[in-house]
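Heads up, the thing below is written out as C-alpha cells.
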Amino acid sequence: MGVAHCERVQVIRSVAAMQRLARRWQRQGERIGFVPTMGYLHQGHLSLVRRARAAVGPRGKVVVSIYVNPTQFGPGEDFARYPRDLQRDLALCRGEGVDVVFAPSDADMYPGRAKGCFTTFVVEETLSRVMEGRSRPGHFRGVTTVVAKLFNIVQPDVAVFGAKDWQQAVIVRRMVANLNFPVRILVSPTVREPDGLAMSSRNKYLKGDLRQQATVLWRAIQGVRRHLLEKGRPAPVRELRALVRGVVATAPQARLDYVEFFEPETLQPLGMVGRGAHMALAVFVGGTRLIDNARL
Ligand code: AMP
C-alpha cells in the first residue's frame, strides 16, 4: 500500500461525476477495479478490495460503491434499519488504498422512482428463481438492475464479488455474459469469524446469545462435509437435509429457511451429493436471516 493511498480517498456522491471520472480514466488507459457493496464494511469486503487492487495493479484505480439499494429489499425486509456508517467505511477504504468511494443518493440512482417513472429493470430469468430468489421475490431483479447501472456508471475492467453470496455471483456472471458487459468478474472466498460465522453487515443484529447460535450455519456445512468424508461416497440429498435439520435444531432460536445441494456453476439441484457439489442454506436466527454456502 503506497503512502499516498493512505492519505485520502475521493468521495463521489453524484452519478454524473462518477461517470465523467470513469470515462476520463478509460480514455487515459487506466484500469478500473470495482467492488460494489452496501457499506458497513468488514474484513470480507476489504478482502474484495485487495483482490481488486491486485487485479488492476498499483497504478490502476479501485472504486468501492457504498449504496443500500432499495430495489433489492422486499416489503417488510430490513432496508430502513440496514446498518450504515459512512465515516467508518471511508476510514477503512482509506486504509486499503481505495481511490474512490462512490456513495450515490436514491434520488440520483433511481430518478423519477417516486413518480412511477423508473420502469426499466434487468431480469435474469432462470438462476434467480431458486434459493434466495424463491425466498425473496424480486431480490435478484433489484440486484441485477443496480449492478448493471453501477457497471454503466463506473465502467470497470474488473469487478469483484464475494463467494459469500454465491448465487448472486453466478447470476452477475450470467448477466455479464448474456448482455456483453465488457467487465471481468472475479469471485473472492468467504471471510469468516474465528468460529466459522461468515462475516456479514447483518451480524450486527445478533445480540446476546444469538451470536453463538448463528454458528449453526457453519456447523451444518462442516457436518455435511464430515459426513461425506466418513461415508466415502456420494449421499442422497434427503440424508444430508436431515443432517442439516438436526444441526439447526440444536440452536433454540434458529429456523431453517432452505438448504440446497447443487452444481456450482449452473445451480442445478443434485439428487446425489458428492465432492465438488455445492451447498447453500438460509437460516433465521431470532429475527435475522443469515445465508452461507460452501463447496463440498
Ligand atoms: P454486501 O455489502 O453485503 O452487499 O456485500 C458486498 C460484497 O461483499 C458482495 O460481493 C458480497 O458477496 C461480499 N461479501 C460480503 N460478505 C463477505 C464475506 N464474509 N466474505 C467475502 N465476501 C463477502
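Whatever order the structure lists ligands and atoms in, that order sets their numbers, starting from 1. Remember, predicted model here, so these are calculated numbers, not experimental data.
- The cationic group of Arg173 does not satisfy the cation-pi geometry with Phe161, failing either the under 6.0 Å distance to the six-membered ring centre or the 45° limit from the ring axis.
- For atom 9 (C) of ligand 1, the candidate residues are Lys164, Gln168, Met199; the nearest heavy-atom contact is made by Gln168.
- For the residue pair Glu132 / Tyr258, a side-chain donor-acceptor distance below 3.5 Å is found, with atom types taken as modelled.
- Residue contacts with ligand 1 include His42, since one or more of its heavy atoms lies under 4.0 Å from the ligand.
- Those atoms of ligand 1 with a heavy atom of Leu48 less than 4.0 angstrom away are 7 (C), 8 (O), 10 (O), 13 (C), 22 (N).
- Summary of contacts: the protein heavy atom closest to atom 20 (N) of ligand 1 is Val191 N, 2.9 Å.
- In summary, of the residues considered (Glu265, Arg295, Gln167), a side-chain contact (heavy atoms from CB on, under 4.5 Å) with His278 occurs for Arg295 alone.
- Within the listing of ligand 1, atoms 18 (C), 20 (N), 21 (C), 22 (N) sit less than 4.0 angstrom from a heavy atom of Gly44.
- Checked against a 3.5 angstrom limit, the closest N/O atoms of Ser47 and ligand 1 fall outside it.
- When only interatomic distances are considered, the shortest N/O to N/O separation between Ala163 and ligand 1 does not fall below 3.5 Å.
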query: When you look at Arg241 and Glu260, which way does the salt bridge (charged side-chain N to carboxylate O under 4.0 Å, His left out) test go after all the steps?
result: CA-CA 8 Å; Arg241 279 183 194 282; Glu260 300 289 345; 3.4 Å; yes
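- Within a 6.0 Å sphere centred on CZ of Arg141, other residues, nucleotides and ligands contribute 12 heavy atoms or fewer.
- Residue contacts with ligand 1 for Pro189 involve N, CA, C or O but no side-chain atom from C-beta outward (heavy atoms, distance under 4.0 Å).
- Between Asp292 and the choices Arg192, Arg202, Arg219, Lys164, the salt bridge (charged side-chain N to carboxylate O under 4.0 Å, His left out) rule is met once, by Arg192.
- Under 4.0 angstrom from ligand 1, the non-hydrogen atoms of Pro36 all belong to its backbone.
- Without hydrogens or angle criteria, Arg51 side chain to Leu186 main chain gives no donor-acceptor distance under 3.5 Å.
- Comparing Gly162, Ser65, Ala159, Ala198 against atom 22 (N) of ligand 1, the shortest heavy-atom distance belongs to Gly162.
- Those atoms of ligand 1 with a heavy atom of Phe161 less than 4.0 angstrom away are 10 (O).
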- request: Begin with the C-alpha distance, continue with both residues' side-chain angles, and end with the deciding distance and a verdict on side-chain contact (heavy atoms from CB on, under 4.5 Å) for Val68 and Phe73.
  value: CA-CA 9 Å; Val68 185; Phe73 288 78; 3.8 Å; yes
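- Applying the 4.0 Å criterion to heavy atoms of Asp165 picks out, from ligand 1, the atoms 11 (C), 12 (O).
- The cationic group of Arg84 lies under 6.0 Å from the six-membered ring centre of Phe79 and within 45° of the ring axis, placing it in a cation-pi geometry.
- Of all atoms in ligand 1, numbered sequentially from 1 with element shown, those under 4.0 Å from a heavy atom of Thr190 are 20 (N), 21 (C).
- Using a 4.5 Å cut-off on side-chain heavy atoms (C-beta onward), Asp195 and Trp218 make no contact.
- With a 4.0 Å heavy-atom cut-off, ligand 1 is reached by no atom of Gln43.
- At a heavy-atom cutoff of 4.0 Å, ligand 1 is contacted by both the backbone and the side chain of Met38.
- Taking atom 1 (P) of ligand 1 as the reference point, the nearest protein heavy-atom neighbour is His45 NE2, 3.7 Å.
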